[in-house]
Amino acid sequence: MRLVVFSDSHRINITDMLTIIEEENPDAVLHLGDLVADVEDIRNVYPDLQVYNVRGNNDWNVDAPDSMVVCAGQVRIFITHGHLHGVRRNTRALEQAAKKNRCTVALYGHTHAAEIKQSGSVLVANPGSISMPYTKEPPSYLCLDIHGKMVEPELIYLQGQKKRSWME
């Protein structure tokens, strides 16, 4: 199973997201907030694609949850934007929320900085921002390949499609 994860699109580059979906051909798309309006565009273009989304700190008056658990095969994934879990400081509260929900993966956005790390029993990842990263890295997204209970994360950067595995 292949999942594509976006965050912090901010209504800036829906064209890139649609192209990525076409190229990656995922089983599902996860959008971690800011802005949920982009999710509606994805659903309109790909009505048969499963799309999960949560609300970000810039998603006002939006009917979307702050967090949710997504089951991908045998893997439980906790998704949230992250602003309510203090992710600008650290990811401890996020990791605890994932554990409380019996998840082995925790995905968040908000910081506009891509990251993949293993923290005890929880794989923690941020796809970065698909439109306006706060780092010197180009815009990015995350792919998760799931085989049984095994999760293989990969950060993918736009502008030349520079790829970086979390193992590097």
Side-chain angles (χ1 to χ4, degrees), residues 1-88 91 93-98 100-116 122-134 139-146 151 153-158:
M1 175 177 281
R2 186 166 183 83
L3 306 178
V4 168
V5 185
F6 297 118
S7 189
D8 297 287
S9 50
H10 291 277
R11 296 296 284 164
I12 293 175
N13 72 358
I14 186 66
T15 303
D16 281 341
M17 288 191 291
L18 295 175
T19 299
I20 290 163
I21 292 168
E22 185 71 26
E23 291 173 357
E24 297 287 356
N25 192 27
D27 296 293
V29 169
L30 311 178
H31 192 288
L32 306 179
D34 285 353
L35 290 163
V36 170
D38 291 326
V39 172
E40 293 311 314
D41 290 342
I42 292 169
R43 286 185 174 127
N44 287 334
V45 174
Y46 296 99
D48 297 328
L49 181 63
Q50 186 66 53
V51 181
Y52 301 93
N53 67 282
V54 292
R55 173 179 35 219
N57 62 298
N58 289 302
D59 289 315
W60 306 290
N61 299 318
V62 172
D63 186 22
D66 292 318
S67 63
M68 71 169 44
V69 174
V70 175
C71 295
Q74 299 176 45
V75 177
R76 291 175 59 88
I77 304 169
F78 182 81
I79 68 171
T80 189
H81 186 61
H83 62 294
L84 299 176
H85 293 88
V87 296
R88 287 204 192 274
T91 59
L94 172 69
E95 293 162 26
Q96 289 304 314
K100 179 180 177 187
N101 285 280
R102 300 180 332 273
C103 296
T104 56
V105 178
L107 302 178
Y108 72 101
H110 189 55
T111 64
H112 293 228
E115 167 184 59
I116 299 174
V122 179
L123 174 69
V124 177
N126 183 329
S129 172
I130 191 63
S131 62
M132 43 195 255
Y134 291 167
S140 58
Y141 64 100
L142 178 70
C143 281
L144 297 176
D145 287 309
I146 299 172
V151 180
E154 182 178 35
L155 284 171
I156 302 173
Y157 294 89
L158 302 186

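Computed from heavy atoms alone, side chains included, the values below leave out hydrogens, waters and symmetry copies.
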TODO: Please name all residues satisfying ring-ring contact (aromatic ring centres under 6.0 Å, His included) with Y46, sequence neighbours left out, ordered by chain then number.
DONE: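 Checked Y46 against ring-ring contact (aromatic ring centres under 6.0 Å, His included); zero matches.
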TODO: Just jot down the ring-ring contact (aromatic ring centres under 6.0 Å, His included) partners of H112, sequence neighbours excluded, or say none.
DONE: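 Listed in chain order: H10, Y134.
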Open item on the list: As an exercise, state the distance from CG of L142 to CG of L30, rounded to the nearest 0.5 Å.
Closed with: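 Going from the CG atom of L142 to the CG atom of L30 covers 8.5 Å.
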Open item on the list: Going by the rule salt bridge (Lys or Arg N to Asp or Glu O under 4.0 Å), which residues pair with D27 if we only count those two or more places apart in sequence or in a different chain?
Closed with: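 None.
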Task: salt bridge (Lys or Arg N to Asp or Glu O under 4.0 Å) involving D38 - partner list, sequence neighbours excluded - done: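 Listed in chain order: R11.
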Task: Residue pairs, two or more places apart or on separate chains, that pass ring pair (Phe, Tyr, Trp, His ring centres under 6.0 Å) and touch residues 20-40 - done: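 Every pair satisfying ring pair (Phe, Tyr, Trp, His ring centres under 6.0 Å) with a residue in residues 20-40: there are none.
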TODO: Could you note down all residue pairs passing ring pair (Phe, Tyr, Trp, His ring centres under 6.0 Å) where residues 56-82 supplies at least one of them, sequence neighbours left out?
DONE: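 Ring pair (Phe, Tyr, Trp, His ring centres under 6.0 Å) check on residues 56-82 returns F78-H85, H81-H83, H81-H110.
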Partners passing side-chain contact (heavy atoms from CB on, under 4.5 Å) against [X] (at least two apart in sequence or in another chain):
{"X": "Q50", "answer": "A28, Y52"}
{"X": "V45", "answer": "L18"}
{"X": "A72", "answer": "M1, L3, I77, I146"}

TODO: Quick one: which residue pairs count as a salt bridge (charged side-chain N to carboxylate O under 4.0 Å, His left out) with a foot in residues 12-22, not counting sequence neighbours?
DONE: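 Counting only pairs at least two positions apart or across chains, no salt bridge (charged side-chain N to carboxylate O under 4.0 Å, His left out) contact touches residues 12-22.
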TODO: Would you list the pairs meeting salt bridge (charged side-chain N to carboxylate O under 4.0 Å, His left out) in which at least one residue belongs to residues 64-74, sequence neighbours left out?
DONE: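 Sorted result for residues 64-74: R55-D66.
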Open item on the list: Taking Y157's backbone N and O only, do any of them form a donor-acceptor pair with S140's side chain (distance below 3.5 Å, no angle check)?
Closed with: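 Answer holds: no.
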Task: Side-chain donor or acceptor of N126 paired with backbone N/O of A114 under 3.5 Å - done: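 Not confirmed, N126 side chain does not pair with A114 backbone.
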Open item on the list: Once side-chain hydrogen bond (donor to acceptor under 3.5 Å, both in side chains) is applied, do any residues pair with R43, and if so which ones, sequence neighbours excluded?
Closed with: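 With sequence neighbours excluded, R43 shows a side-chain hydrogen bond (donor to acceptor under 3.5 Å, both in side chains) to E40, N53, given in chain and number order.
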